**Student:** 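Following this message is one structure expressed as structure tokens.
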Amino acid sequence: MHKIYDKSKKNIYKNHKELVDRFLRYSHKRLGYDKPVEIHLVSDEVNGEDPLGLTGQYNFDKMIITIFVDNRHFKDILRSLAHELVHHDQACRGDLSSDDDVVAGYAQRDKKMRQLEREAYLQGNLTLRDFEDTNYKDKIKIRID
């Protein structure tokens, strides 16, 4: 369901393979998308130095997610991946298509795109948070007196 191409200089996937694979399985089960997606982890030093640089993007025609990894905490990389996976799910549902406005500022101009972005931020962040909590639940011991 996921094909990963690690084009990063820091071998992000190789160094975090088990965690990324678990996160992708969890995300797929939670979101339920029904088409495969390619994930490209890329280095872009210029973008990585830009405080407002790109973190990720989704190409809905090719069903490719690109995540920019330079100068980022790994958890933030997963957050961007979760966000873009929601966009993939939207495309699989037919809510996102090549007819939609995706030129810079689209989320401010277009009500439909604003709602799709809102969903991606909410569901993406909650997916990562729930995944994180699921991974810690067996390690946390709560004592109730």
Side-chain angles (χ1 to χ4, degrees), residues 1-140:
M1 191 55 76
H2 307 98
K3 193 164 198 174
I4 300 174
Y5 297 93
D6 190 350
K7 303 173 182 180
S8 68
K9 291 182 179 177
K10 294 186 177 181
N11 297 312
I12 294 293
Y13 182 61
K14 179 182 174 186
N15 293 327
H16 300 283
K17 184 180 183 332
E18 182 183 333
L19 184 60
V20 171
D21 290 346
R22 276 199 336 253
F23 179 69
L24 288 171
R25 284 191 304 273
Y26 180 88
S27 297
H28 178 239
K29 183 176 179 181
R30 180 183 177 117
L31 298 172
Y33 45 88
D34 60 355
K35 294 181 179 94
V37 62
E38 284 186 19
I39 299 164
H40 296 230
L41 304 171
V42 300
S43 288
D44 183 330
E45 292 176 10
V46 173
N47 182 68
E49 293 298 323
D50 182 350
L52 296 177
L54 296 171
T55 56
Q57 57 191 24
Y58 179 66
N59 180 318
F60 43 82
D61 288 327
K62 296 180 180 179
M63 295 193 167
I64 296 174
I65 292 171
T66 301
I67 303 295
F68 298 91
V69 301
D70 291 345
N71 296 328
R72 298 180 67 192
H73 190 284
F74 184 71
K75 186 174 176 179
D76 188 49
I77 292 169
L78 289 180
R79 187 176 295 111
S80 292
L81 179 56
H83 178 99
E84 300 305 332
L85 285 168
V86 175
H87 286 316
H88 178 63
D89 184 50
Q90 292 166 341
C92 290
R93 294 188 322 235
D95 294 340
L96 189 60
S97 73
S98 57
D99 295 332
D100 291 315
D101 176 10
V102 292
V103 177
Y106 68 88
Q108 290 73 37
R109 283 191 307 274
D110 185 303
K111 287 182 181 182
K112 173 191 168 192
M113 296 305 289
R114 181 69 166 194
Q115 185 57 38
L116 292 175
E117 275 301 308
R118 184 176 285 121
E119 178 188 3
Y121 277 102
L122 177 63
Q123 292 304 319
N125 281 321
L126 287 174
T127 297
L128 178 59
R129 177 60 190 259
D130 292 348
F131 171 77
E132 185 178 14
D133 288 350
T134 300
N135 279 283
Y136 287 120
K137 76 177 181 182
D138 295 329
K139 297 174 185 173
I140 298 172

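Both backbone and side-chain heavy atoms feed into the values below; hydrogens, waters and symmetry mates do not. Computed from a predicted structure; not experimentally measured.
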**Student:** Please answer whether the main-chain N or O of Asn125 pairs with a side-chain N or O of His83 as donor and acceptor at a distance below 3.5 Å.
**Tutor:**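 Pair absent, no side-chain N/O of His83 close to backbone of Asn125.
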**Student:** Are side-chain heavy atoms of Val86 and Tyr58 found at a separation under 4.5 Å?
**Tutor:**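 With C-beta onward as the side chain, the pair stays apart.
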**Student:** Quick one: CE on Met1 to OH on Tyr33, what's the gap to the nearest 0.5 Å?
**Tutor:**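 Reported value, rounded in 0.5 Å steps: 7.5 Å.
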**Student:** What is the distance from atom CD1 of Ile67 to atom CG of Asp76, rounded to the nearest 0.5 Å?
**Tutor:**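 Between Ile67 CD1 and Asp76 CG, I get 9.5 Å after rounding to 0.5 Å.
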**Student:** Just checking Tyr121: does its OH atom have more than 12 heavy atoms from other residues, nucleotides or ligands closer to it than 6.0 angstrom?
**Tutor:**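 It does not: Tyr121 OH has 12 such atoms or fewer within range.
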**Student:** Among side-chain atoms of Gln90 and Arg93, is any donor-acceptor pair under 3.5 angstrom?
**Tutor:**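 On atom types as modelled, these side chains do not qualify, holding no pair under 3.5 Å.
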**Student:** Measure the spacing between CZ of Phe131 and NZ of Lys29 and express it to the nearest 0.5 Å.
**Tutor:**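 It is 13.0 Å, given to the nearest 0.5 Å.
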**Student:** Restricting to ring pair (Phe, Tyr, Trp, His ring centres under 6.0 Å), what partner residues turn up for Tyr13, sequence neighbours left out?
**Tutor:**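 Per chain and number, Tyr13 pairs via ring pair (Phe, Tyr, Trp, His ring centres under 6.0 Å) with no residue.
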**Student:** Hey, does Ile77 have a side-chain heavy atom less than 4.5 Å from the side chain of His16?
**Tutor:**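 Answer no - side chains too far apart.
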**Student:** Would you say Leu41 and Leu81 make side-chain contact, with heavy atoms under 4.5 Å?
**Tutor:**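 A side-chain contact is absent here, since even the closest heavy-atom pair is not under 4.5 Å.
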**Student:** For Arg129, enumerate each residue passing the side-chain hydrogen bond (donor to acceptor under 3.5 Å, both in side chains) test, keeping only those at least two apart in sequence or located in another chain.
**Tutor:**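 Arg129 satisfies side-chain hydrogen bond (donor to acceptor under 3.5 Å, both in side chains) with Asp133 once adjacent residues are dropped.
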**Student:** Can you name the nearest heavy-atom pair linking Asp70 to Ser43, along with the distance?
**Tutor:**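 Shortest heavy-atom contact: OD1-OG, 3.0 Å.
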**Student:** Where is the tightest heavy-atom contact between Gly32 and Asp89, given as atom of each residue plus distance?
**Tutor:**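 Heavy atoms of Gly32 and Asp89 come nearest at C-OD1, 4.0 Å.
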**Student:** Could you check whether any side-chain heavy atom of Leu116 comes within less than 4.5 Å of a side-chain heavy atom of Asp95, counting everything from C-beta outward?
**Tutor:**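 In contact.
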**Student:** What residues, two or more places apart in sequence or in another chain, satisfy ring pair (Phe, Tyr, Trp, His ring centres under 6.0 Å) together with Phe68?
**Tutor:**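 Not a single residue meets the ring pair (Phe, Tyr, Trp, His ring centres under 6.0 Å) criterion with Phe68.
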**Student:** Would you say the side chain of Asp130 lies within less than 4.5 Å of the side chain of Arg30, judging by non-hydrogen atoms?
**Tutor:**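 Yes, their side chains come closer than 4.5 Å.
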**Student:** Could you grab the distance from atom CE of Met63 to atom NZ of Lys35, nearest 0.5 Å is fine?
**Tutor:**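 Between Met63 CE and Lys35 NZ, I get 5.0 Å after rounding to 0.5 Å.
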**Student:** Which atom names give the shortest non-hydrogen contact between Val69 and Ser8, and what distance separates them?
**Tutor:**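 Smallest interatomic distance, heavy atoms only, reads CG2-CB, 3.4 Å.
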**Student:** Restricting to non-hydrogen atoms, name the atom on His87 and the atom on Leu96 that form the minimum distance, rounded to 0.1 Å.
**Tutor:**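 Closest approach of His87 to Leu96: O-CD2, 3.8 Å.
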**Student:** Please report the interatomic distance CZ(Arg72) to CZ(Arg79), rounded to the nearest 0.5 Å.
**Tutor:**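 The distance works out to 9.0 Å.
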**Student:** Got a sec, which residues hit side-chain hydrogen bond (donor to acceptor under 3.5 Å, both in side chains) with His40, two or more places apart in sequence or on another chain?
**Tutor:**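 Lys7, Glu38.
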**Student:** So does Lys3 have more than 12 non-hydrogen atoms from other groups sitting under 6.0 Å from NZ?
**Tutor:**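 Atom NZ in Lys3 is not crowded, with 12 or fewer foreign heavy atoms closer than 6.0 Å.
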**Student:** Would you say the side chain of Leu128 lies within less than 4.5 Å of the side chain of Phe23, judging by non-hydrogen atoms?
**Tutor:**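 A side-chain contact exists here, since the closest heavy-atom pair is under 4.5 Å.
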**Student:** Can you list the residues that meet the side-chain hydrogen bond (donor to acceptor under 3.5 Å, both in side chains) rule with Gln123, with sequence neighbours excluded?
**Tutor:**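 Scan of Gln123 (side-chain hydrogen bond (donor to acceptor under 3.5 Å, both in side chains), adjacent residues dropped) gives none.
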**Student:** Identify the residue among Ile65, Thr66, Ile39, Asn59 that makes a side-chain contact (heavy atoms from CB on, under 4.5 Å) with Glu84.
**Tutor:**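 Testing Glu84 for a side-chain contact (heavy atoms from CB on, under 4.5 Å) against Ile65, Thr66, Ile39, Asn59 leaves exactly one candidate, Ile65.
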**Student:** Please enumerate all residues that pass side-chain hydrogen bond (donor to acceptor under 3.5 Å, both in side chains) together with Lys75, with sequence neighbours excluded.
**Tutor:**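 Lys75: side-chain hydrogen bond (donor to acceptor under 3.5 Å, both in side chains) contacts with Glu132.
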**Student:** With side chains defined as the heavy atoms from C-beta onward, is the minimum distance between Leu85 and Leu24 less than 4.5 Å?
**Tutor:**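 Yes, at least one pair of side-chain atoms sits under 4.5 Å.
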**Student:** For a 4.5 angstrom cut-off between non-hydrogen side-chain atoms, does Phe60 reach His88?
**Tutor:**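 No - every pair of side-chain heavy atoms lies 4.5 Å or more apart.
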**Student:** To the nearest 0.5 Å, what is the distance between CG (Asp44) and NZ (Lys9)?
**Tutor:**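 The distance works out to 9.0 Å.
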**Student:** Check Thr127 against Ser27 and note the closest heavy-atom contact, atom names and distance.
**Tutor:**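 Taking every non-hydrogen atom into account, CG2-OG, 3.6 Å.
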